[in-house]
Amino acid sequence: MRVLAAMSGGVDSAVAAARAVDAGHEVTGVHLALSANPRSHRSGARGCCTLEDARDARRAADVIGIPFYVWDMAQRFEADVVADFVAEYSHGRTPNPCLRCNEKIKFAAVLDRAVALGFDVVCTGHHARVADGVLRRSPDLAKDQSYVLGVLTRRQLERAMFPLGDSTKEQVRAEAAARGLAVAGKPDSHDVCFIPDGDTRAFLAGRLGRAPGDIVDSAGARIGHHDGVHGFTVGQRKGLGLEAPAPDGRPRYVLAIDPVSATVTVGSGAALEVLEITARRPVWSGCEPPDSPRACLVQLRAHGEAHPATVSPDGDGLLLISLDRPVRGVASGQAAVMYEGDAVLGSATITGTAP
Amino acid sequence: MGYTEAAARPGNFRERLVYLDHAATTSLRPEVLAVMTEELGHLGNPSSLHNAGRRARRVVEESREVIAEVYGARPSEVVFTSGGTEADNLAVKGLYWARQAQDPRRRRVLATAVEHHAVLDSVHWLADHEGAEPVWLPVDEQGRLWPDTLRAAIASDPAAVALISVMWANNEVGTIQPIAELAALAREHAIPFHTDAVQAAGQLPVDFAACGADALTVTAHKIGGPVGAGALLLGRGTQPVPVLHGGGQEADIRSGTLDAPAIRAFATAAQLVGKERDDQAARLAALRDELIARVRAAVPDVILNGAPPGPGRLPGNAHFSFPGCEGDALLMLLDAKGIACSTGSACTAGVAQPSHVLIAMGADEGRARGSLRFSFGSTSTLADVEAVGAEIGDVVERARRAGRAMAGGGRGAASRGTPEAGRVRQRARAGSAGHVRQRARSREAGGLDIRRGR
Ligand SMILES: Cc1ncc(COP(=O)(O)O)c(C=O)c1O
């Protein structure tokens, strides 16, 4: 097959590309320049972001022995991922930009371009498997990335290649070292790639400015103020900036965020517990869209566990998720990914919760 | 057929590289390689006073005489540099500083909007750090600077002009400027006139004395010589302030140990240019015209950028815009076929940049992004042209499909969601808010959908 290997400059995508070559495919490496960072005097200049990552990707391609190019996806990334990220926070929701990037960039814009240019599949270093068209978890559960890929449709999965699907991260690193790839020891990236210093709140403040409002307790009494709802996530405990301790002396958590009145509601951990979740935009890649309630497992955040639940379509494109046992800290904007065992059934975006 | 197939199938692999990127760098002439290799075996710093030093110095001075002869300069007017970029920096910054020192009112730097970045960014640097006032001289849709444009720009405040810099031939679109006429205008006001003749020096009769410029940039690797040697020709009485300080070589204008092997190779390349230039120019022009004809035949709506073939255009340059294509897609597809060409400049990370030259010529960004340069040199043959002619139609067709996929907002055939998904999205947006509210009764965390429904 003709394979376009997306190479981030990290160890996973480098080994994935190398394995695609070993499997006998015709592989071309592409680094996606995602950050618009205009250089002075070069009108229209863009994509000159993580120079080190671009260089690492190029060197990996050299070692593997494949052609290498840089694709400028900065405009698309800004519109589909960064702007979406900012808008979601401003609406009191908690987006997952990696998921959005897979959905809109890697397996949409890049995939479409690749197919038009004559490639058959896009290969990435995600830790996940596709078997018989169904997305499955990586055996390395600590590194499993099926959650951020759960949003992909069957058609997108047909065009995806994840050569690391059966390996642990440790195996990947060892293989990278054995192959002479300099990125073998490169630390994993954990942060949001477009917020290099990891300070999401400052990044959002830079984009959204100040939009002060009140922090209230569950009874509605004002107990503090904040500079913008974008600084908060449901379930958050740190950085609330509250002076008076809670009357019961127990930690307080963000329970709800109302972007319209700019109100952040805080309360006890117990009040965070939810049993009911609504979600929209369901995508069913691992099964037929269910037309009656279906028992499955649901994962509600990137590194969370999977909870037993029953999902029911409401006939209006929405999904009602009833958890068997209460779960704490479920944030709107995150994906609810449905599993059966280690197989992904589908995914939907959380829009609301109830106890 | 998929684009990598040809390259991957052993029998089909194009053994010979079709190299049509001589404007980026030329292949080293075999004679030059021989001379340079020989010289690398010799010991001696041209500045040393002993026998070995004198020998190296003699190589440098003989080379200086050859280069001066080929380009119509006196040997004393040749200042060796590490290449075109350094010579441009020395000319622009050095002359600005010198003119400022004589009269601080001289702040205006006149340059075309289509200069190479070595000039462009030097001027920008002067503006950012030294208080220079850049005047970007507009060009017409072929990339030409009209003498009247320069005359008017000077006339608006002649006493405040520090220097003028206009390239002899453009590296992207190959447009040739009327240098002698422009230099004469500068001379009327005794304003130093610099020209970057890097692209012209291998294909056109470049005569420093006859053109009337005060400073002229050449570089070896664009004329069949090695990378890393170049020169700034400086007329008598034109004294830039040095950029590099050190051992005082090159009459204190450019310090640094002279690279005798590279300089000797540079001179050998220049000598070959002097001998073969006119024949070569005719040969390259014929190849270029044949390429234009074949590309036009395969892609009827192609646009040839720059001046029409003839005296206004570098013989070895063909520069096209392919409507609906991204240049980087074209380059990649041709590269897979073993054909090397250029989209213009790329940033450090490797992202192709929309050309400032085409933008200055009035092209929209789409046309600027969908462009490709093919440039010919001494090793080019008709087989190269035939290879492009055979592939360009398919390649453009494919790149167009990719362009449409991108323009379609990532909703191309491969990734498009099902129609049902679209319907669901629409409904979710249209406000099933009541529904949601009912279901998620008390805690409508961040539910904009919900609030809007009220
Ligand atoms: C017009 C022009 N000026 C200057 C340069 C820079 O010359 P060098 O590569 O020797 O630094 C180039 C080469 O790209 C050029 O085309």
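Within every chain, numbering begins at 1; the chains are lettered A, B, ... in the order of the sequence lines, protein sequences first and strands thereafter. Values below: all heavy atoms of this structure, side chains included; hydrogens, waters and symmetry mates excluded.
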- Query: Considering residues at least two apart in sequence or located in another chain, which fulfil the side chain to side chain donor-acceptor pair (under 3.5 Å) criterion with A:Gln334?
  - Reply: none

- How long is the span from the OH atom in A:Tyr69 to the CG atom in B:Leu331, to the nearest 0.5 Å? 6.5 Å

- In chain order, what residues pass the side chain to side chain donor-acceptor pair (under 3.5 Å) check against A:Arg328, with sequence neighbours excluded? none

- Item | Value rounded to 0.5 Å, distance of CE in B:Met332 from OG1 in A:Thr28 | 6.0 Å

- Grab the two heavy atoms, one from B:Arg398 and one from A:Val115, that are nearest each other, plus how far apart they are. NH1-O, 4.4 Å

- Who among A:Pro289, A:Ala79, A:Ala116 has the most heavy-atom pairs with chain B under 4.5 Å? A:Ala116

- Is it the backbone or the side chain of A:Met1 that comes under 4.5 Å from a heavy atom of chain B, or both, or neither? neither

- Item | Considering all heavy atoms, the nearest A:Leu117-B:Ala329 contact | CD2-CB, 3.9 Å

